[in-house]
Amino acid sequence: MRILVVDDDPFICRLLVRQLKTLGCEQVTDFNRALAAVEHLERDPGGIDLIFCDLQMPEMDGIEFIRHLVRLGYAGSLVLISGEDERILQSAERLAREHKLRVPGALFKPVSSAQLQQLLEQAAPCASAPQAAEARRYDAEELAHAIGVGELVNHYQPKIDFASGQCSGVEALVRWQHPRDGLVYPDRFIAQAEEAGLIDALMCEVLRNALRDARHWRKQGLELQMAVNVSMDNLQGLDFPDLVERAALDSGVPLSSLVLEVTESHLMKNRQAALDILTRLRLKRIHLSIDDFGTGHSSLVQLRDIPFNELKIDRSFVHGAWRDASLSTILNASLEMARKLGMKAVAEGIEDRADWDYLRQAGCDVAQGWFIARAMPAEQLPAWLQDWERRRAELITPICDG
Ligand code: C2E
Ligand code: MG
Ligand code: MG
């Protein structure tokens with residue numbers, strides 16, 4: 001690996017170079033001035049695989065350096081090093097990632113050889129994920145056709161009650177069974193559906209399929225809450241609550257077992273209409289959940305104005321909160337708020353046992369995430385529930401304080 005070290009402190013620079021060489025890296029170049037490093041990269045943009053860069057430098061700081069890397073189309077990895085506040089380092093790391101730079105991790109001064117070794121392994125070209133092929137955009141016509149011929153299918157992800165370990169419900173997540181591209185995930189077509197005015201048709205299809213599956217499970221004795229995602233764009237026609245009510249009554253699924261998860265990805269076009277509709281949904285005993293809480297516009301204003309029953313904390317505040325002081329502060333404040341407002345708190349993004357234990361200990365009500373199960377086709381759910389029974393007992397051992 002060809003490595004570049006950039007730090008205004010000559011001592012740190014020398015130390016890092018020595019540590020890297022001890023770890024077997026032979027091609028290490030170092031600069032005390034970021035500008036000189038930029039010039040070096042300008043001469044040969046593809047000549048470096050990994051850069052270690054200090055965040056705080058007098059002439060050009062790490063953030064400005066990132067800007068140059070983006071301009072040069074740098075395709076290697078970047079590791080930021082800092083003696084500053086951890087949160088500044090995290091923001092810088094996040095910024096670099098948002099610029100699509102490869103960031104295997106960040107380092108705190110003083111840097112230990114063990115940490116360096118670990119980062120070198122992660123930054124090795126073979127370990128890096130292959131660049132995702134440019135995702136194809138689907139046009140409105142294709143999507144409208146897919147909805148019409150029934151290519152949209154629901155997968156279901158279980159929601160687990162932390163106290164009992166029992167499955168209290170499922171969330172319907174739409175997928176497109178594309179005849180050529182295989183299973184296509186919603187992040188590739190929901191925004192397009194909104195832009196093309198197809199989101200109502202999509203929502204009706206998802207709801208119809210969800211109610212059909214809920215009815216089928218009920219016949220087998222499985223009384224699960226059914227959550228369906230709705231976009232704010234669905235909440236513009238005033239007859240929306242009547243439409244949902246009719247669909248539920250027709251399928252014999254009680255309205256009180258229906259949850260609508262509302263995500264707001266952009267500003268509401270017509271706020272009064274949305275308030276009218278959401279309030280009427282609640283009058284009909286349909287449950288409302290504020291999805292992705294803490295991101296975008298899913299914010300305190302919504303909590304103030306809309307009678308939500310459930311608060312779903314976005315997974316970016318959940319996974320790894322047990323080892324991150326800022327995340328756990330935000331998470332605990334959200335849990336406290338949900339409790340005081342009489343709402344059920346759901347944690348999404350429970351990805352491992354540590355997340356499960358931490359959120360359970362913190363008093364969260366409901367868990368959802370890959371640690372429990374990924375979303376699955378309807379027919380797999382009964383067998384999954386049986387498997388879960390076997391795992392359950394071990395996950396709800398009494399919580400000990402301290
Ligand atoms: P969401 O409603 O917040 O759903 C959770 C997303 O996180 C799902 O992605 C789910 O598969 C994923 N997920 C679940 N557990 C984990 C975990 O432990 N770790 C991680 N990293 N991810 C996890 P999916 O299915 O790709 O859906 C993405 C988003 O698309 C949904 O986010 C929702 O906003 C939207 N969506 C899905 N179905 C519909 C729909 O029928 N209508 C509308 N309007 N939006 C939908
Ligand atoms: Mg959701
Ligand atoms: Mg969510």
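Both counts, for ligands and for their atoms, begin at 1 and track the order of listing. Remember, it's a predicted structure, so these values are computed and weren't measured experimentally.
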Colleague: Tell me, please, if E348 has any N/O/S atom, main chain or side chain, under 2.8 Å from the Mg ion (ligand 2)?
Modeller: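 No, outside the cut-off.
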Colleague: Establish, yes or no, whether the cationic atom of R374 lies under 6.0 Å from the six-membered ring centre of W370 and within 45° of the ring axis.
Modeller: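 Checked: cation-pi criterion met.
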Colleague: Within a radius of less than 6.0 Å around CZ of R87, do more than 12 heavy atoms belonging to other residues, nucleotides or ligands occur?
Modeller: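 No, CZ of R87 has 12 or fewer neighbouring heavy atoms, counting only those of other groups under 6.0 Å.
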Colleague: CG of D324 to NE2 of H319: how many Å apart, nearest 0.5 Å?
Modeller: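 Taking CG in D324 and NE2 in H319, the distance rounds to 11.0 Å.
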Colleague: Taking atom CZ of R285 as the centre, report whether more than 12 heavy atoms of other residues, nucleotides or ligands fall under 6.0 Å from it.
Modeller: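 Open: at most 12 neighbouring heavy atoms sit under 6.0 Å from CZ of R285.
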Colleague: Return yes when at least one N/O/S atom of N229 is nearer than 2.8 Å to the Mg ion (ligand 2), and no when none is.
Modeller: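 A backbone or side-chain N, O or S atom of N229 is under 2.8 Å from the Mg ion (ligand 2).
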Colleague: Less than 3.5 Å between some nitrogen or oxygen of E171 and one of ligand 1, yes or no?
Modeller: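 By distance alone, the answer is yes.
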Colleague: So if I count the atoms of ligand 1 from 1 in the order they appear, which ones are less than 4.0 Å from some heavy atom of P186?
Modeller: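 So the answer, numbered in order with elements, is 24 (P), 25 (O), 26 (O), 27 (O), 28 (C), 30 (O), 37 (C).
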Colleague: What atoms of ligand 1 come within less than 4.0 Å of a heavy atom belonging to G349?
Modeller: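 Near G349, the atoms of ligand 1 are 17 (C), 18 (O).
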Colleague: Check each heavy atom of V206 against ligand 1 and say whether those closer than 4.0 Å belong to the side chain, the backbone, both or neither.
Modeller: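 Looking at V206 and ligand 1, just side chain atoms fall under 4.0 Å.
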Colleague: Does at least one non-hydrogen atom of D187 fall below 4.0 angstrom from an atom of ligand 1?
Modeller: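 No, D187 has no heavy atoms under 4.0 Å from ligand 1.
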Colleague: Should the proximity of A375 to ligand 1, defined as any heavy atom under 4.0 Å, be assigned to the side chain, the backbone, both, or neither?
Modeller: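 No part of A375 comes within reach of ligand 1.
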Colleague: Which option, T263, L173, V228, V174, owns the non-hydrogen atom nearest atom 39 (C) of ligand 1?
Modeller: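 Considering heavy atoms of T263, L173, V228, V174, the nearest to atom 39 (C) of ligand 1 sits in V174.
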Colleague: Once you restrict to heavy atoms under 4.0 Å, what part of N234 touches ligand 1? Side chain, backbone, both or neither.
Modeller: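 Contact part for N234 vs ligand 1: neither.
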Colleague: Can you confirm, on distance only, whether ligand 1 has an N/O atom lying under 3.5 Å from any N/O atom belonging to Y185?
Modeller: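 Between Y185 and ligand 1, no N or O pair is found under 3.5 Å apart.
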Colleague: Take atom NE2 of H216 as the centre, draw a 6.0 Å sphere, and report whether it contains more than 12 heavy atoms from other residues, nucleotides or ligands.
Modeller: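 Check fails, neighbour count at 12 or below.
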Colleague: Can you tell me which portion of K312 lies within the under-4.0 Å heavy-atom range of ligand 1? Options are side chain, backbone, both, or neither.
Modeller: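 Near ligand 1, K312 shows nothing, with every heavy atom at 4.0 Å or more.
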Colleague: Could you check whether W217 and Y156 have their ring centres less than 6.0 Å apart?
Modeller: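 Yes, the ring centres sit under 6.0 Å apart.
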Colleague: Under 4.0 Å from a heavy atom of G369: which atoms of ligand 1 are those, numbered in the order shown and with their elements?
Modeller: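 That gives atoms 15 (N), 18 (O) of ligand 1.
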Colleague: F371 ring centre to R391 NZ or CZ under 6.0 Å, with the angle to the axis within 45°?
Modeller: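 Cation-pi check for R391 and F371: passes.
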Colleague: I'd like to know: is the Mg ion (ligand 2) within the 2.8 Å range of an N/O/S atom from E261, strictly under that distance?
Modeller: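 An N, O or S atom of E261 is closer than 2.8 Å to the Mg ion (ligand 2), so yes.
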Colleague: Determine whether any heavy atom of H155 lies closer than 4.0 Å to an atom of ligand 1.
Modeller: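 Under 4.0 Å: no for H155.
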Colleague: Show the atoms of ligand 1 that are less than 4.0 angstrom away from any heavy atom in D291.
Modeller: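 Going through ligand 1 atom by atom, the ones under 4.0 Å from D291 are 1 (P), 2 (O), 3 (O).
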Colleague: Using a 3.5 Å cut-off and no angle test, enumerate the donor-acceptor pairs between side-chain atoms of residues 196-205 and protein atoms at least two apart in sequence or in another chain.
Modeller:
from, atom 1, to, atom 2, distance (Å)
D200, OD1, N234, ND2, 2.9
E205, OE1, R208, NH2, 3.1

Colleague: Thinking salt bridges, do D30 and R14 make one under a 4.0 Å N-O criterion?
Modeller: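 Judged by the 4.0 Å cut-off on N to carboxylate O distance, D30 and R14 do not form a salt bridge.
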Colleague: Hey, is R374 touching ligand 1 through its side chain, its backbone, both or neither, going by heavy atoms under 4.0 Å?
Modeller: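 Under 4.0 Å from ligand 1, R374 contributes no heavy atoms.
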Colleague: Is it true that M203 lies under 4.0 Å from ligand 1, counting heavy atoms only?
Modeller: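 Outside the 4.0 Å threshold, so no.
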Colleague: When you measure from the side chain of D239 to the backbone N and O of D242, does any donor-acceptor pair fall under 3.5 Å?
Modeller: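 Pair absent, no side-chain N/O of D239 close to backbone of D242.
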Colleague: Should the pair H178 and W176 be assigned to parallel (<30°), tilted (30 to 60°) or perpendicular (>60°) ring geometry?
Modeller: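 Plane angle between 30° and 60°, so tilted.
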Colleague: Hey, which atoms in ligand 1 end up nearer than 4.0 Å to a heavy atom of Q157?
Modeller: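 Here the atoms of ligand 1 in question are 14 (C), 15 (N).
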Colleague: Nearest heavy atom to atom 22 (N) of ligand 1 wins, so pick from W370, F293, F371.
Modeller: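 Looking at heavy atoms only, the winner is W370.
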Colleague: Are R97 and E93 within salt-bridge range, i.e. N to O under 4.0 Å?
Modeller: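 Judged by the 4.0 Å cut-off on N to carboxylate O distance, R97 and E93 do form a salt bridge.
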Colleague: Which bit of N229 gets closer than 4.0 Å to ligand 1, counting heavy atoms only: side chain, backbone, both or neither?
Modeller: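 It is both backbone and side chain that touch ligand 1.
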Colleague: For ligand 1, which atoms, with element, lie under 4.0 Å from some heavy atom of S231?
Modeller: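 It comes down to these atoms of ligand 1: 44 (N).
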Colleague: Give yes if a backbone or side-chain nitrogen or oxygen of R175 is under 3.5 Å from a nitrogen or oxygen of ligand 1, and no if not.
Modeller: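 Between R175 and ligand 1, an N or O pair is found under 3.5 Å apart.
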Colleague: Run the numbers for me: atoms of ligand 1, each under 4.0 Å from some heavy atom of D292, listed by number.
Modeller: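 Here the atoms of ligand 1 in question are 3 (O).
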Colleague: Return the name of the atom in E171, of element N, O or S, nearest to the Mg ion (ligand 2).
Modeller: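 This residue's closest N, O or S atom turns out to be OE2.
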Colleague: Indicate yes or no for a side-chain donor-acceptor contact from D292 to the backbone of T295 under 3.5 Å, with no hydrogens or angles considered.
Modeller: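 The answer is no, because no donor-acceptor pair under 3.5 Å joins these two groups.
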Colleague: Where does R315 meet ligand 1, judged by heavy-atom distances below 4.0 Å: at the side chain, the backbone, both, or neither?
Modeller: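 Only the side chain of R315 comes within reach of ligand 1.
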Colleague: Is the shortest distance from a Lys or Arg side-chain nitrogen in E98 or R94 to a carboxylate oxygen in the other one below 4.0 Å?
Modeller: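 Salt bridge flag = no for R94 with E98.
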Colleague: Is it the side chain (CB and beyond), the backbone, both or neither of I350 that lies under 4.0 Å from ligand 1, heavy atoms counted?
Modeller: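 Near ligand 1, I350 shows its backbone, while the atoms from C-beta on stay back.
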Colleague: For the Mg ion (ligand 2), which N, O or S atom of D291 is at the shortest distance?
Modeller: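 This residue's closest N, O or S atom turns out to be OD2.
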Colleague: Donor-acceptor pair, distance only, cut-off 3.5 Å: does the side chain of D49 make one with the backbone of R2?
Modeller: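 Yes; judged by distance alone, with no hydrogens or angles, the pair exists.
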Colleague: Is the number of heavy atoms from other residues, nucleotides or ligands within 6.0 Å of CD (Q220) greater than 12?
Modeller: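 Correct, the count exceeds 12.
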Colleague: Using a heavy-atom cut-off of under 4.0 Å, does the side chain or the backbone of Q368 touch ligand 1, or both, or neither?
Modeller: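 Neither; nothing of Q368 gets under 4.0 Å from ligand 1.
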Colleague: Apply ring-ring contact (aromatic ring centres under 6.0 Å, His included) to F52 and list each qualifying residue two or more places apart in sequence or on a separate chain.
Modeller: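 Checked F52 against ring-ring contact (aromatic ring centres under 6.0 Å, His included); zero matches.
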